[in-house]
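Written below as structure tokens is the structure these notes are about.
Sequence lines set the chain letters: A, B, ... in the order given, protein chains first and strands last, and positions in each chain run from 1.
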Protein chains: 2
Amino acid sequence: MTPLDDIDRRILRELQRTGRISNAELGDAVGLSASACHRRIARLEAQGVIRGYAALLDRTHLSRRTTVFVEITLSGQAVEILDAFEAAVARIPDVLECHLMAGTADYLLKVVVEDAEAFAALHRRHLARLPGVAQMQSSFSLRRVRDTTELPV
Amino acid sequence: MTPLDDIDRRILRELQRTGRISNAELGDAVGLSASACHRRIARLEAQGVIRGYAALLDRTHLSRRTTVFVEITLSGQAVEILDAFEAAVARIPDVLECHLMAGTADYLLKVVVEDAEAFAALHRRHLARLPGVAQMQSSFSLRRVRDTTELPV
DNA sequence: CGTGAAAACTTAGTTCT
DNA sequence: AGAACTAAGTTTTCACG
């Protein structure tokens with residue numbers, strides 16, 4: 001598997017910012033012909049470096065203004081408990097991220113909801129019913145100082 | 001500003017999963033003509049519901065296997081201290097997210113690096129030099145149980 | 001890697017309901 | 001108003017040099 005060269009990196013940087021850029025424009029940006037760009041992109045997709053493309057939506061327009069991080073400690077470390085917990089979490093669409101953590105808490109969840117009230121409803125209907133939970137601590141984000149999906153390349 | 005109807009939502013769902021889908025295919029998926037899809041997408045973009053498009057890259061291929069959450073408490077709440085801190089954080093590309101938090105800690109950072117060693121280097125070179133920091137606690141993610149950018153629509 | 005041609009897609013104008 | 005149809009202009013895609 002070929003390692004990434006400098007032009008690959010510039011292509012990836014551009015595609016992270018503008019996922020629908022044409023090969024012609026991309027070629028201008030990185031100093032290559034359109035077909036050469038196309039070939040490299042096809043290779044990067046085949047290698048799995050590019051996992052796919054996505055539209056980025058505005059959370060405000062979709063009633064998801066509020067981000068909450070939830071630290072959860074389970075009542076035990078048995079595999080069955082972890083598996084049951086993870087399966088249940090995966091079924092909650094408001095949970096964008098769920099990490100098994102080293103250190104104090106067992107899991108860290110990132111949740112997006114409309115507002116504090118919506119979080120209370122989510123808590124009652126879903127979070128409080130998650131299996132194997134011993135302790136739960138929720139922290140609200142007051143402001144997203146920085147929030148990007150762009151990996152440094 | 002028109003509220004989203006059911007077809008809009010299906011279009012958004014599709015575009016979050018497959019940002020480069022053609023209007024023809026999208027039309028098939030949601031039961032509309034290609035041009036009708038195109039018009040709706042143009043409207044959603046103009047309204048700001050769709051913020052843009054991005055290629056999603058694989059962290060493993062880019063030496064970013066490790067996610068670390070960093071809780072930071074500042075030495076004070078003066079606006080100058082917060083501003084200086086935020087400006088400095090924004091300059092570290094490895095920090096994908098930075099939230100001003102309610103509750104215990106002041107800030108929560110999400111950092112992506114190659115491994116623990118790379119985090120140690122980042123800590124020495126950047127995090128430990130952030131202005132106004134009183135306390136810092138880093139927590140490593142052992143496994144990403146779920147990690148999506150797709151908002152529920 | 002670049003050029004060029006064919007196929008596919010996007011985009012805008014028009015008509016119909 | 002919004003959807004379908006049509007046609008011109010781009011873009012993708014894939015030969016070959």
Does N23(A) make a side-chain N or O approach to OP1 or OP2 of dT11(D) shorter than 4.0 Å?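 So the side-chain polar atoms of N23(A) never come under 4.0 Å of the phosphate oxygens OP1 or OP2 of dT11(D).
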Using only side-chain N and O atoms of H38(B), determine if any of them is under 4.0 Å from OP1 or OP2 of dT10(C). no
Quick one: do the T67(B) and R59(B) side chains pair a donor with an acceptor below 3.5 Å? yes
May I have the distance from [X] (atom [atom1]) to [N] (atom [atom2]), rounded to whole angstrom?
X: E25(B); N: dA8(C); atom1: CD; atom2: P; answer: 13 Å
X: R20(A); N: dT10(D); atom1: CZ; atom2: P; answer: 18 Å
X: R39(B); N: dT11(C); atom1: CZ; atom2: C1'; answer: 11 Å
X: I41(B); N: dG2(D); atom1: CD1; atom2: C1'; answer: 16 Å
X: I7(B); N: dA1(D); atom1: CD1; atom2: C1'; answer: 14 Å
X: D28(A); N: dT10(D); atom1: CG; atom2: P; answer: 15 Å
X: E45(A); N: dT13(D); atom1: CD; atom2: C1'; answer: 13 Å
X: L15(A); N: dT12(D); atom1: CG; atom2: P; answer: 11 Å

Report which part of the nucleic acid R40(A) touches: base, sugar-phosphate, or nothing (heavy-atom distance under 4.0 Å, all strands).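 Here R40(A) touches the backbone only, sparing every base.
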Shortest side-chain distance from S35(B), nucleotide among dC1(C), dA3(D), dA12(C):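 So the side chain of S35(B) is nearest to dA12(C).
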Kindly point out which of dT10(C), dT12(D), dT13(D) is positioned nearest to the side chain of S22(A)? dT12(D)
Between F85(B) and Y107(B), how do the two ring planes meet: parallel, tilted or perpendicular, split at 30° and 60°?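 F85(B) and Y107(B): tilted rings.
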Could you walk me through whether Q16(B) and Y53(A) pass the side-chain hydrogen bond (donor to acceptor under 3.5 Å, both in side chains) test, one step at a time? CA-CA 8 Å; Q16(B) 282 196 107; Y53(A) 301 86; over 6 Å; no
Just do the side-chain hydrogen bond (donor to acceptor under 3.5 Å, both in side chains) check on D106(A) and Q77(A) with the steps written out, would you? CA-CA 9 Å; D106(A) 291 323; Q77(A) 299 292 328; 3.1 Å; yes
Could you tell me whether R65(B) and D115(B) make a salt bridge, using a distance below 4.0 angstrom between a side-chain N and a carboxylate O? no
Closest-nucleotide ordering on DNA chain D, the 5'-leading residue of A34(A) and D5(B):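 Looking at the nearest nucleotide for each, D5(B) comes out on the 5' side.
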